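Let me begin by presenting the structure, written as structure tokens, before commenting on it.
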Amino acid sequence: MLKIQPVTALIQKQIAMNIYAEFAQKMLPLIEASSLLAGVDADTRAKLPLDRIVVEPPRDVSHGDMATNAALVLAKGLRQKPRDIAEAIAALLSDNAAALNVQSVSIAGPGFINITLEHSVWQSIIGEVLHNGKNFGRPDLGQGEKINVEYVSANPTGPMHVGHCRGAVFGDALATLLSFSGFDVTREYYINDAGAQVDVLARSAFLRYREALGENIGDIPEGFYPGTYLVPLGEQLKDQYGSTLLDMDETDWLPLIKRAAISAMMDLIRADLEKLGVAHDLFFSEQSLTQDGHDRVAEMIDDLTDRNLIYRGTLPPPKGKLPDDWEDREQTLFRSTLYGDDVDRALLKSDGSYTYFASDIAYHFDKYKRGFNLMVDVLGADHQGYLKRMTAAVKAISAGNASLDIRFCQLVNLFRDGQPVKMSKRSGNLVTLADVVEEVGRDVTRFIMLYRKNDATLDFDFTKVLEQSKDNPVFYVQYAHARTHSTFAQAVEVFDEKILDDLDQVDVSALTDASELALMRKLAEYPRIVEAAAKFYEPHRVAFYLNDLASAFHGHWNRGKDLPQLRFIKDDNEKLTRARLALVLAVQIVLRSGLNLLGVDAREELR
RNA sequence: GGCCCCGUAGCUCAGCUGGAUAGAGCAGCGGACUUCUAAUCCGCAGGUCGUAGGUUCGAAUCCUACCGGGGUCACCA
């Protein structure tokens, strides 16, 4: 009887289980079968933008539990006034009130339909959370599809500094989020160990080596890495080689030291990442692209050449001020303009070696050949010029089968007591990632980095982020979680351990207070928040949601002061206590789930 | 000059990818501690969503131009 159109089926497939989508799934067939569409010809009907109909929580809770824009969406296609359509849909919903668990329906504004549901709908959320546990809210967006997320990829020339921190945390949280959402995620780090900079690293290490042998090397010259983190490496080289390297030509000692230096720097970086709780599945070496007599960059160039995407030619000079050493010369170019880039890009340097871009294309080609049709790169905002050429390259190498999404993380500005923290690159006087984590801790660092859209700059004040107040969302959320635990502890004290048994079986129909219901509504929003966060690669949505949920919980907690009958624990009413503990447990589960997505510890107590 | 981000309350930021009277926190003002940890809560006040056009039933959101802030601009990474 109810004919489900393709569009509706699509919606059903696309949207994960959540209470709003469920309602939409029930409502849409009703509309399609109603008199509204009775006299409409097939052509008009097919053009109705049914996919734009949404059921969502209203902006203002006083409007009801849900709102839908169905009448507004249909108005144009049906050539009827939105209000009239709204009347018809409202009547439809009222007629089916029992099946939809609808308590009341009203029309507001230009034609919004506000829906108030039976309490039982919200109460059922508690059971759903408790039954699904850590799987509550898990969207099935990915359906097992492989996706590659590359992040950090800091150059192996020293320890990580704060600038790397944000991308590391963002990439890590994004990967977790996508994994939770049903993707088969590989977390990857690209080691730039093939360029001139690692030669500089090796020469800098050589200085420290000479120093370790007792030589006075004075100030580190311009163009070398001055950081003292190379001192232990110098000692290590002394222990390993004695003074034998001093007698060699650079061409002989450089590869030896380079290998040792890169290895040592990656050890430093891995240690830093571990401090932040950031993990990778694969560290991919740029050098490996051209090792073992197997030049995969050349292969990539051959492949593109076969498809007429490579040519010899000259580029126009950059607009604006011309570089002093600009020379107009013929180069090997990739036709990235065919795929939306502004100019074609060079693949070989003047000395014949590969450009960074060439290696990076080969690297992404490798990802593609490993079966990734979806790739995400997390880069610093200073790489934004890289967007067009790299997305162009991925299209080219995959013949349009793969797509690359690049997410940029903006700068982090450091403050202390409201004053900017000065950093000098030349002196190597950078604030390192380790400094930050040691001072404020992993949880604070991660949460604050994620409590902002990735493409907006971020102020990070060492003093503020350590304040244990609601000014600081980390503690605010963790405190809410801790409070759920203290509630259980208290309950066990008043009753006994059995008070916590089988809370998922509890009858929660007695929970009808406004702030209890508000809490349930908040819990019901979690699935759609997670889904949106995953779909748009925006983990910050989870962080903001957690702050909201914590707020609803703190608010309800404090309501128990004015209204003692609302307190969770009623020593004269075990049944009611258990119902309320079920709600508290649901809050705890969702808080922990969200914190896990962000990689922030859900602490059980804060003192 | 080209390209890319950003511009929302005094400050720091959200705003569910086009929906209703634009929301939080901080700062300000006024309240709530013999407590299920006040590390919290409740209330008040605060806005021409950078500016000007356009698209439409409807714009903070989409388009165009401009203004302001940041980034970037052959071969570097």
Side-chain angles (χ1 to χ4, degrees), chain A residues 52 54 56-60 63 67 69 72-73 75-76 81-82 108-112 114 153 155 157 192 195-197 314-323 325-329 331 342-343 345-346 348-351 353 355-357 359-360 380-388 408 410-411 418 451-453 455-459 461 464 467-473 475-476 478-480 482-483 486-491 493-494 525 528-529 531-533 535-536 540-541 544-545 547-548 550-551 553-562 564 567-570 580 584 605-607:
Chain A
R52 285 182 49 212
V54 290
E56 23 177 43
R59 193 189 294 272
D60 190 333
H63 291 150
N69 61 350
L72 297 161
V73 170
K76 195 172 186 181
K81 287 185 194 150
F112 282 96
N114 290 328
S153 299
N155 295 329
T157 56
N192 295 125
Q197 55 177 349
T314 57
L315 288 176
K319 301 265 171 27
K321 59 176 193 291
L322 203 62
D325 54 351
W326 167 261
E327 50 179 317
D328 192 24
R329 74 188 155 73
Q331 332 186 48
D342 302 316
V343 290
R345 302 290 173 177
L348 296 177
K349 295 188 219 170
S350 47
D351 65 0
S353 62
T355 62
Y356 173 84
F357 182 50
S359 298
D360 219 3
D382 54 338
H383 288 70
Q384 278 178 125
Y386 202 61
L387 175 83
K388 286 185 181 176
F408 297 99
Q410 268 290 353
L411 296 173
Y451 199 65
R452 206 109 304 179
K453 249 183 331 202
D455 55 0
T457 55
L458 166 68
D459 292 343
D461 191 313
K464 265 194 189 163
E467 273 171 22
Q468 302 193 359
S469 71
K470 66 181 305 187
D471 191 12
N472 182 348
F475 283 93
Y476 189 72
Q478 284 185 324
Y479 183 40
R483 270 184 158 172
S486 88
T487 304
F488 292 146
Q490 189 74 21
E493 211 164 286
V494 172
E525 279 180 38
R528 54 196 302 283
I529 296 289
E531 182 181 331
K535 197 185 272 179
F536 302 119
H540 77 274
R541 288 170 189 256
F544 277 92
Y545 170 81
N547 200 57
D548 281 354
S551 174
F553 185 67
H554 287 311
H556 180 57
W557 177 291
N558 277 273
R559 221 162 120 79
K561 290 187 195 309
D562 293 337
R567 296 185 174 198
F568 298 130
I569 296 165
K570 307 299 296 174
R580 289 182 173 160
V584 174
E605 61 175 14
L606 293 181
R607 45 180 144 200

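Note that this is a predicted model, so its numbers are computed, not measured.
Taking a pair as Watson-Crick or G-U with both hydrogen-bonding distances under 3.5 Å, the stems of three or more pairs touching RNA chain B are B:1-7 with B:67-73, B:10-13 with B:23-26, B:28-32 with B:40-44, B:50-54 with B:62-66.
Checked by distance alone, A/Arg528 brings a side-chain donor or acceptor within 3.5 Å of a matching partner on the base of B/rC16. Not a single donor-acceptor pair, N or O on each side, falls under 3.5 Å between the base of B/rA39 and the side chain of A/Asn472.
Here B/rU51 is in the anti range [glycosidic angle more than 90° from 0].
Checking B/rA74, B/rA20, B/rU17 against every side-chain atom of A/Arg541, the shortest atom distance belongs to B/rU17. Here B/rA77 is the nucleotide among B/rC41, B/rG58, B/rA77 with the atom lying nearest to any side-chain atom of A/Asn192. Here the side chain of A/Phe536 is nearest to one of B/rG70, B/rC41, B/rU17, namely B/rU17. With distances taken from any side-chain atom of A/Asn155 to the nucleotides B/rA77, B/rU40, B/rC13, the minimum falls on B/rA77.
Residue contacts for A/Ala75: at a heavy-atom cut-off of 4.0 Å it reaches no nucleic acid atom on any strand shown. Residue A/Gly560 is in base contact, counting any heavy-atom pair closer than 4.0 Å across all strands shown. In this structure, A/Arg483 reaches the sugar-phosphate backbone alone: every heavy-atom distance under 4.0 Å involves primed, P, OP1 or OP2 atoms, never a base. Nucleic acid contact for A/Lys76: sugar-phosphate only, since backbone atoms but no base atoms lie under 4.0 Å from a heavy atom of the residue.
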Below 3.5 Å between N/O atoms, which protein atoms pair up with nucleotides 3-7 of chain B? Just atom names and distances, please.
unit_1: B/rC4; atom_1: O2'; unit_2: A/Gln384; atom_2: OE1; d: 3.0
unit_1: B/rC4; atom_1: O2; unit_2: A/Gln384; atom_2: NE2; d: 3.4
unit_1: B/rC5; atom_1: O4'; unit_2: A/Gln384; atom_2: OE1; d: 3.4
unit_1: B/rC5; atom_1: O2'; unit_2: A/Asp455; atom_2: O; d: 3.0

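Taking 4.0 angstrom as the limit, A/Thr457 places none of its side-chain polar atoms (N or O) nearer than this to OP1 or OP2 of B/rG70.
Separating the CG atom of A/Asn547 from the P atom of B/rG23 is a distance of 18 Å, rounded to the nearest angstrom.
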